[in-house]
Amino acid sequence: MAPHIPFEVITEILAKLPVKSLLKFRVVCKSWCSLISTSQFVKKHLSSNTSTPKKVIQLSRDVLTFYSLHDSKLVQETIEFRIEWHALSSFRIMGYCNGLVCIEACRENRIFLWNPSTRDSKILPCGVVDNSYFCWCGFGYDYNSDDYKVLTVDRLKKPIDNYQDSSRNSMMYTLRTNSWRRIQDFPLETSYMMVDSSAHAATHVNGALHWMARQGLNSWVIISLDLTTETYMEVPQPDFYGTPVEHIGIGESSTGCLCLNVHNGAGSQSYDFWVMKEYGVRESWTISLKIPFVVVGIYPKPVAWFSENGKILFNRDGKLATYNAKKNSVRYLHQTTYCHSCPHGDVYVESLVSPNAYSNREAKEISRLNNINVERTTRVVMSL
Amino acid sequence: MSTSTDNNASITQESGPSAAVQDIQKKIVVRTADGEVFNLKEEVAMEIDIIKTFFQEDSISYETVMPLPNVEGWEMVKVIEYCTKHVELKHKVDGYKERKAFQALFVQNLSTKSLLALTNTANYLEVKYLLDFLCQAVSEQIKNKDVDYVRELFGVENDFNDEEYEQVKAEAPWAHENLNNDLH
């Protein structure tokens with residue numbers, strides 16, 4: 001005899017299920033089916049589903065790889081995607097947020113939003129000047145208007161002189177309006193000589209997009225774009241050792257803080273990971289972890305923080321590895337493909353969020369991609 | 001997590017020396033649906049919001065035995081067990097591992113049906129952290145189960161006709177497959 005379970009309790013239980021289980025249980029009965037599609041439930045699920053392991057994304061050609069921790073084992077899940085009109089395209093991740101991934105198909109100049117867990121997708125309308133790639137870009141969520149936004153800062157096609165061109169024209173796409181419009185210009189004249197190609201995509205923290213930009217030889221600035229006000233600002237940096245710093249990477253910790261990966265060649269000969277514990281407060285920048293140069297060699301790009309054990313997953317020249325602070329050792333994951341490091345050390349959280357949530361269901365507005373999500377494989381790659 | 005400077009707040013600890021010291025703590029008495037009577041330490045009883053409200057907001061004397069007609073005896077035992085541990089861990093600085101070990105043991109011998117009944121009870125008794133934990137435990141147990149099992153467990157009827165059912169299923173056919181290499 002099954003007891004009567006109040007709907008509120010059922011909702012609490014369902015909110016903790018992984019996305020795949022929820023999609024399956026939509027057929028249990030009509031009330032469950034409609035519950036799972038409501039935007040309130042989608043939001044509740046996003047915030048309660050804390051135990052489904054967070055994943056880290058790496059993109060390499062047309063293979064998206066997720067790394068997640070299951071009981072101290074690092075699990076790799078790869079999704080090869082084939083899109084009809086993209087036989088030869090190269091893809092780049094512009095950002096990810098709330099379970100949605102924003103991907104740029106470079107040759108075709110098209111951008112699409114994709115939820116790999118629900119397999120829902122949406123091609124964005126063209127809005128930008130014909131470019132081979134964007135100088136700066138980003139994707140994030142605006143809490144105040146409950147809207148998803150994509151930013152691109154154009155690179156002009158014609159260089160102003162041989163090696164430098166500058167662009168500042170910022171275009172913002174919002175999901176609710178399904179259109180692009182111009183916003184405030186990017187505050188810096190940006191040179192074509194990017195720090196590295198993955199640095200152009202923003203780190204999404206605290207409702208704002210962030211980039212680490214080089215201003216002159218060893219001078220750095222953190223630029224942020226507030227997604228609500230759509231204005232650019234500078235975020236205070238820590239006081240770096242008094243000496244110029246050769247290289248800095250920016251990312252997000254698993255606790256949602258802004259962090260920097262600083263090449264400390266002048267001092268402790270290590271890569272220092274700084275975390276801004278209180279957003280916007282300069283004094284709250286603290287060093288969380290240091291990886292000595294001798295242990296790790298070439299500049300490691302942080303991929304994720306597994307902060308419980310003082311370990312960090314990073315991408316070193318296309319290979320993934322973990323650094324264990326207690327043992328001061330590095331272990332490389334066995335992998336066969338070169339991994340382009342993701343633009344930021346974000347963690348991806350799966351969700352039910354649909355890129356078509358704001359579309360008019362009847363019309364041509366829904367532009368889904370067919371044949372996406374082919375061939376998923378999952379395997380354990382290492383024990384941490 | 002409380003720090004070590006909070007130690008002076010509690011007079012008695014679980015590992016306290018004598019029963020006499022523990023008797024100083026007030027007791028609250030409840031009676032479950034099957035007539036069982038339970039004496040709870042005040043600090044544990046106050047973790048259960050429905051009890052806390054009953055005695056504090058309505059200023060009812062502790063001599064009153066509070067009836068809990070929607071709760072079975074075995075459920076009360078489990079709730080007391082969990083709340084007692086929760087109170088104990090409040091005073092510990094680093095109880096993470098201990099909590100995890102306790103939680104694993106707590107659900108070990110419970111069938112999914114019992115777990116669900118206990119979840120319902122935790123909701124009725126208004127113990128938020130226990131409810132959260134139990135919802136998580138239930139979801140772990142059902143996530144890979146098939147649709148028929150879930151309907152039976154929750155006592156839910158399938159009100160889709162064949163056509164509607166196929167239509168909904170077709171929106172995410174892969175979700176109905178159980179791949180061997182699925183780790184979820």
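So that the names make sense, note that chain A is the first sequence line, chain B the second, and so on, each numbered from 1.
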Note to self: Between B:Thr32 and B:Leu68 (side chain of the first, backbone of the second, donor and acceptor by atom type, cut-off under 3.5 Å), is there such a pair?
What the structure shows: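 Here the side-chain-to-backbone pair does not exist.
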Item checked: Check: B:Asp49 main-chain N/O paired with B:Thr53 side-chain donor or acceptor under 3.5 Å -> yes
Which atoms of [X] are under 4.5 Å from chain A, going by heavy atoms: the side chain, the backbone, both sets, or neither?
| X | result |
| --- | --- |
| B:Asn123 | side chain |
| B:Asp132 | both |
| B:Leu134 | neither |
| B:Val150 | side chain |
| B:Glu171 | side chain |

Check: Relative to each other, are the rings of B:Tyr129 and B:His86 parallel, tilted or perpendicular (30° and 60° limits)?
Finding: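 The arrangement is parallel - the two ring planes meet at less than 30°.
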Next item on the list: Tell me, please, whether B:Trp174 has A:Arg119 positioned over its six-membered ring: NZ or CZ under 6.0 Å from the ring centre and within 45 degrees of its axis?
Entry: yes
Item checked: NZ or CZ of B:Lys78 within 45° of B:Phe106 ring axis and under 6.0 Å ->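 Flagged: B:Lys78 positioned over aromatic ring of B:Phe106.
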Next item on the list: Step through the shown structure and confirm whether more than 12 heavy atoms of other residues, nucleotides or ligands are within 6.0 Å of NZ on B:Lys85.
Entry: yes
Check: Do you know which of A:Leu14, A:Leu23, A:Ile13 has the most heavy-atom pairs with chain B at a distance under 4.5 angstrom?
Finding: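 Looking at each option in turn, the highest pair count goes to A:Ile13.
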Check: Which of the residues B:Lys145, B:Arg151, B:Lys169 is involved in the greatest number of heavy-atom pairs with chain A at under 4.5 angstrom?
Finding: B:Arg151
